[in-house]
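Everything quoted here is computed from the prediction, not taken from an experiment. Residue numbering restarts at 1 for every chain, and letters A, B, ... go by the order of the sequence lines.
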Amino acid sequence: MNKTLEEQRRQLPAYAVRQNILNCIQTSSTLILIGETGSGKSTQIPQFILESGMLNKGMVGITQPRRVAAITLSKRVSQEKMRQLGDVVGYAVRFENCTSENTKIKYMTEGILLREALNDRFLKKYQYIILDEAHERTVNTDVLFGIVKSIQKERSMFRMQELKIIIMSATMDVDHFSKYFNNCTVLYMPGRMHQVQVMHSKHRQDDYMFATLVTLFEIHRTAPLHHDVLVFLTGKDEIESMTSQIRNITRSHDLAGQPPLRAWPLHSALPAQRQLEAFQRSGENYRRVVVATNIAETSITLPGIKYVIDTGVVKTRKFDPITGLDSLKVTKISQAQAWQRTGRAGRESDGICYRTYTANEYDLFEKMTKPEILRCNLSSTILQLLALGINIETFDFMDKPPRDSIEVAFKQLKQLGAIKSVQNPQLTETGHRMSKFPIDPIYSKIIISSPKFECVNDILDLVAILSTENVYCEPNQNNRDQATAQHSKFQTRYGDHLTLLNIFTEYKKHNKSKQWCTEHFLNQKSLQYAFEVRQQLAEICDNVNVSSQADSPHHNVDQIRKCLITGLFNNVAELQQRDNHYIVMANRQRAMIHPSSVLSGYHANLNGFSSSSNGNGIISNMGNKLKDAHNQKANYVLFSEIVHTTQVYLRTATRIEPEWIQEVVPDCGYASRINNNQL
DNA sequence: GAGCACTGC
């Protein structure tokens, strides 16, 4: 058993260049290592360092963009070393630290290393830091680039132990990377394990859904039984439409002599159980086709895939600093992404990738995916950098974010009271406390304000549940009404925030029961995650003196909503009676309330519980006296998110009273405008 | 009438 593990190790491409790699690591302080999936770089390089005796003090730290990867890699490597997980080889991710004094190789998420840097300015624990999957260019990867580079320099300046940096990546813009790391050595490792043949469409396709269907049934007609197919589409709607079309075609056409074709959807909104169904083959005599979003590009690896159909599109989120608007739009993938998708056909054996776009179109794709740091809201990242004592103006970004993004982030941090001024972005006392929370500054501000509103516990519940997505379970077609009925039990006319708070409160009251979740069509995994976030936030509260001692013994819905305004004051919108649209007060942006919101008007059937706010129980609808007034659309709402999809939508919205703005944030810039318009 | 994917000692 162990012998085979060792044999497997020796067969990896990384093993063949072992000595070469070690020589390079020894002679250079920074090394870029390029190797494709299957080369064994993530599991082998840390072991090579350990076995070579080059590790004399400290650890090898190796970062991953995703939790699951950090955990599975450390499991694999501890097996290969024949040691218990958490001994010589361990991992650390949010909520879980599986390391010990003996740990020499530590796998972790990028976020963990960033948080560690906050408490250990020079990351003294580490002699080697390996940043893996660097080509993905997540915000955290980019921030870590700058941080480890500067720590390396400082450690050498102060004559501390040298920090060795290894950047590992699949394909990437080598020149750009090497230049940034002072023209360091670049080492290429032998290619992937299996061949994938790429077939481009001969002609331009107007309808990639149709092209996908044609390609799929051609594969189905000709390929051997167990050759499964993976299709990349952009979102839930497309995936549902595709799987139902596949079912209809297989049902209505005579596919005599062919094995059945079964389609499985795969996207993040599905509960864990249904994601597993797509992963596992449940029988022998059919062909499986998995229709997925880009979740199957990196996060989930499906076994048995021989064919990939790549539509060349993806849904991406982009932040516009001028309008403050997030947009979620279908865009063309990059060439690097196309190859990532192609590789999914060659995980276990040779495969084929069909691209429903022409070779010409491919040539016009961007070479690399734009780094996330260039297209996201930076307030959280900048608060963290400031807490590290970093000057943003001089920070050595590999790709510097746009001026507007940085300015908008400073402005927001100033408004939240986290920095002294935009010109002098020094952290205030509040800013220091805010930076301790691993959440968006808007919400850390709300938590810090909560003792004043005597609702610390409710706010912690609320922030915890807001940090998870997909609280509601996707019902099937046949139990949609049932799910709606169950969900409506939690709804209140106050809006979505207090509805979510109800769900979380009830979840805890029912001892986090799995069965209770199933009965109420709620996602147990998400609620459990929220529970753990809640615990973590409460611990941090203790450390930064946010005390719940003064908390009101009952839910005080007005105080909770006022407290939310202390962070979300820029997210307040006013109803335009004229056309039933909302206008965001801070920037005059026109928007609609998202149809999924309790306040959208599509949820007329708000049952609630019978009495009004009853002790620590569920927050129900308002008393009958007020009820009629509140059946109308809310005149003022506060929202968590504004996203441009098919329209500009406010998501997760709560009804507020206009006079609260003057009371809570008199300096917000639009308070007077509200008062003048009132009554 | 409708949400890509990640992450945080």
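A:Thr138 comes within contact range of no nucleotide atom at all, as no heavy-atom separation falls under 4.0 Å. Nucleic acid contact for A:Ser299: sugar-phosphate only, since backbone atoms but no base atoms lie under 4.0 Å from a heavy atom of the residue. In this structure, A:Ile439 reaches the bases: a heavy-atom distance under 4.0 Å links it to at least one base atom across the strands shown. Within the 4.0 angstrom heavy-atom criterion, only backbone atoms of the sugar-phosphate kind lie near A:Val93; the bases stay farther away. Counting any heavy atom pair closer than 4.0 Å across all strands shown, A:Glu136 reaches no nucleic acid atom. Within the nucleic acid shown, A:Leu328 comes within 4.0 Å of at least one base atom, counting heavy atoms only. Across all strands shown, A:Tyr649 has heavy atoms under 4.0 Å from sugar-phosphate atoms exclusively, and none from any base.
At B:dC9, one or more side-chain N or O atoms of A:Arg115 fall inside 4.0 Å of OP1 or OP2 (strictly under the cut-off). The phosphate of B:dA2 (OP1 or OP2) has no side-chain N or O of A:Ser596 nearer than 4.0 angstrom. At the phosphate of B:dA2, OP1 or OP2 sits under 4.0 Å from a side-chain N or O atom of A:Thr646. In terms of phosphate contacts, A:Thr109 brings a side-chain nitrogen or oxygen within less than 4.0 Å of OP1 or OP2 of B:dG8. Checking the phosphate oxygens (OP1, OP2) of B:dG8, a side-chain nitrogen or oxygen of A:Arg67 falls inside 4.0 Å. Contact between the side-chain N/O atoms of A:Gln536 and the OP1/OP2 oxygens of B:dG8 is not found at any separation under 4.0 Å. At the phosphate of B:dA5, OP1 or OP2 sits under 4.0 Å from a side-chain N or O atom of A:Ser268.
Donor-acceptor pairing under 3.5 Å is lacking for the side chains of A:Asn470 and A:Asn523. A donor atom on one side chain and an acceptor atom on the other are not found under 3.5 Å apart for A:His644 and A:Ser327. Between the side chains of A:Ser379 and A:Asn377, at least one donor N or O lies within less than 3.5 Å of an accepting N or O. A donor-acceptor pair shorter than 3.5 Å cannot be found between the side chains of A:Glu110 and A:Gln64.
Counting to the nearest Å, the C1' atom of B:dG8 and the CG atom of A:Asn543 are 15 Å from each other. What separates NZ of A:Lys106 from P of B:dC9 is a distance of 11 Å, to the nearest Å. Taking atom CG of residue A:Leu537 and atom P of nucleotide B:dC9, one finds them 10 Å apart after rounding to whole Å. We find that CG of A:Asp142 is positioned 19 Å from P of B:dC6, with the value rounded to whole Å. Rounded to whole Å, the distance from NZ on A:Lys370 to P on B:dC6 is 22 Å. What separates CD of A:Gln384 from C1' of B:dC9 is a distance of 12 Å, to the nearest Å. Atom pair A:Glu641:CD and B:dA5:P shows a separation of 13 Å (rounding to whole Å applied). If you take CD1 of A:Ile333 and C1' of B:dA5, they are 15 Å apart, rounded to a whole angstrom.
Judged by distance alone, with hydrogens and angles left aside, A:Asn119 brings a side-chain donor or acceptor within reach of the base of B:dC9, the pair sitting under 3.5 Å.
Between A:Ser467 and A:Arg317, the residue anchored closer to the 5' end of DNA chain B is A:Arg317, taking for each the nucleotide with the nearest heavy atom. Remark on DNA chain B: of its neighbouring residues A:Ser380 and A:Asn294, the 5'-side contact belongs to A:Asn294, judged by nearest-heavy-atom nucleotide.
Annotation: A:His520 is in aromatic contact with A:Phe490 [ring centroid separation under 6.0 Å].
Side-chain atoms of A:Ile295 lie closest to B:dA5 of the nucleotides B:dA5, B:dT7, B:dA2. If you check B:dC9, B:dC6, B:dA5 against the side chain of A:Arg94, the one that comes closest is B:dC9.
Relative orientation of the A:Tyr362 and A:Tyr357 rings is parallel, given thresholds of 30° and 60° on the angle between their planes.
Remark: ring of A:Tyr602 overlaps the six-membered base ring of B:dG1 in a stacked fashion, centroids less than 5.5 Å apart, planes less than 30° apart.
At least one side-chain heavy atom of A:Ser74 sits less than 4.5 Å from a side-chain heavy atom of A:Leu85.
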